[in-house]
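Data first, discussion second: the structure below is written as structure tokens.
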Amino acid sequence: MSKHINIINEHESVVRSYVRNFPTVFTKAKKHLMWDEDGKEFIDFFSGAGALNYGHNDDHMKKQLVDYIMNDGITHSLDMASNAKAEFLEKFQDVILKPRELDYKVMFPGPTGTNSVESALKLARKVTGRTDIISFTGGFHGMTIGSLSVTGNSMKRKGAGIPLQNTVTMAYDNYVDHDTLVYLERFLEDNGSGVAIPAAMIVETVQGEGGINAARFEWLKNLEDLCRRWGILLIIDDVQAGIGRTGTFFSFEAAGIKPDIVCLSKSLSGYGLPLAVTLIKPELDIWKPGEHNGTFRGNNHAFVTATAALDYWKDESFEKEIHQKSEVIYSFLEDIVSKYPEIKGEVRGRGFMVGIASEVEGLAAKVTAKCFDLGLIMETAGPNDEVFKLFPPLNIPTEDLQKGLAIIEESIKQLVK
Ligand code: PMP
């Protein structure tokens, strides 16, 4: 073990996790490649858990950021006005919202995904005057108490140390033969059911941490319709599935739905800097000034890189590129599943949010560990870590994408022989 790993293992809380899965010290990274202190090269199929959809150290974003720093652009300004913020807001309207005919106010809830979810839950309760929130099995929404209360992972929920209240968890699409939304409506219609009309429903269109479960568009549309019928607010948590991961900027675009509130973070800054937004339909923006605040709302460096990142979305070429490369991934994975029946695998996902769920206990973790040895960074997902999750940067060149896929095959080959 290297000296640096030993220091981390000795001094960092036992709660640390990724250092256990990827036991090396990383020193450098460029685009879809990472290097450790021994100079070993890794292909990155992890993308900072979805925070690096454009890869590491993108040249265009870096240049904008370095210029900004060299000109002594303001770094920290809470939510005072800054040119960096105004430029981001203007471009976000022009490049993202207007072309998609979406009308949202942009709130900066704090630096990370969980801050966005917290603000969404608070606002939904404030707007409707109701208490309950409906969330879904396998959903993941963050680690602070509100977000955790709508997260469907028992191990993580236990970490709260208190009972988590005022939420109801319903079965997510794909988990049951019978549609959970039909049952919910029956409960709502029946005054004696004890199920009160909730303030909101919060859902991921594709569950990331929950194991790459992609809800059908039809189910999402039904969910939206149900919300409209009952005056329930629809919150889409696009923290992981958003910013191009499923093939479009917002994951819900393809389903043709328009959520009331959208949570975004992870790859929003484009450069791995913390930045989160909560998008709010204008008529719901009833906050009192300062009612939700935080010291790190809107980091100006993150605004600069986020503004540069939006250049990827100026026309449709990036979406086409994602689509073409995702075809490469799916055909490879389908091939793997049929070539190696021993892994009892099922291909899951949408766009660049892809995984193989294996029925063989412990196999996914073995595959990711073997991949690490062979120079590929990839993590597991799902309630029992039964899925190995492919999350390459969206702009990875096809050649290196194929190299990474070949490492997965080699790992499986070595494990099943
Ligand atoms: N929502 C989803 C869907 C997520 O995947 C995550 C993080 N994995 C979060 C919320 C929480 O984001 P953060 O870790 O930045 O607080």
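From a predicted model like this one, the values you see are computed outputs, not experimental measurements. Note that ligands are numbered from 1 as they come in the structure, with each ligand's atoms numbered from 1 the same way.
In this structure, the protein non-hydrogen atom closest to atom 9 (C) of ligand 1 is Val239 CG1, 3.7 Å. Scanning the protein for heavy atoms near atom 2 (C) of ligand 1, the closest one is Phe140 O, 3.3 Å. What sits closest to atom 5 (O) of ligand 1 on the protein, heavy atoms only, is Gln240 NE2, 2.7 Å. Among all non-hydrogen protein atoms, the one lying nearest atom 1 (N) of ligand 1 is Asp237 OD2, 2.6 Å.
The pair Asp44-Lys31 does not meet the salt-bridge criterion, since no charged nitrogen lies less than 4.0 angstrom from a carboxylate oxygen. The existence of a salt bridge linking Glu224 and Lys221 is confirmed by a sub-4.0 Å separation between a basic side-chain nitrogen and an acidic carboxylate oxygen.
In this structure, the side chains of Met201 and Met170 stay at 4.5 Å or more apart for every pair of heavy atoms.
Judged by distance alone, the side chains of Tyr172 and Glu204 never bring a donor and an acceptor atom under 3.5 Å apart. Checked by atom type, the side-chain pair Glu87/Thr307 shows no donor-acceptor distance below 3.5 Å.
Between the CG atom in Leu65 and the CE atom in Met70 there is a gap of 11.5 Å [rounded to 0.5 Å].
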With side chain to side chain donor-acceptor pair (under 3.5 Å) as the criterion, how do Tyr312 and Asn53 come out once you've worked through the C-alpha distance, each side chain's angles and the decisive distance to 0.1 Å? CA-CA 11 Å; Tyr312 274 94; Asn53 283 358; over 6 Å; no
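The one candidate from Val387, Leu363, Val337 that meets the side-chain contact (heavy atoms from CB on, under 4.5 Å) condition with Ser358 is Leu363.
Residue-level proximity to ligand 1 for Thr114 is carried by backbone and side chain together, each with a heavy atom below 4.0 angstrom. Residue-level proximity to ligand 1 for Glu204 is carried by the side chain, the only part with a heavy atom below 4.0 angstrom. Under 4.0 angstrom from ligand 1, the non-hydrogen atoms of Glu209 all belong to its side chain.
Within a 4.0 Å radius of atom 12 (O) of ligand 1, the protein contributes at least one heavy atom.
Geometrically, ligand 1 and Thr112 share a nitrogen or oxygen pair separated by less than 3.5 Å. In terms of polar-atom proximity, defined here as any N/O pair under 3.5 Å, Gly142 makes no such contact with ligand 1. For the pair Ser265 and ligand 1, the shortest N or O to N or O distance does not fall below 3.5 Å.
When each atom of ligand 1 is checked for a heavy atom of Gly113 under 4.0 Å away, the hits are 12 (O), 13 (P), 15 (O), 16 (O).
Cation-pi geometry between Lys85 and Phe92 is not satisfied (NZ or CZ under 6.0 Å from the ring centre, within 45° of the ring normal).
At least one heavy atom of Lys266 sits under 4.0 Å from some atom of ligand 1.
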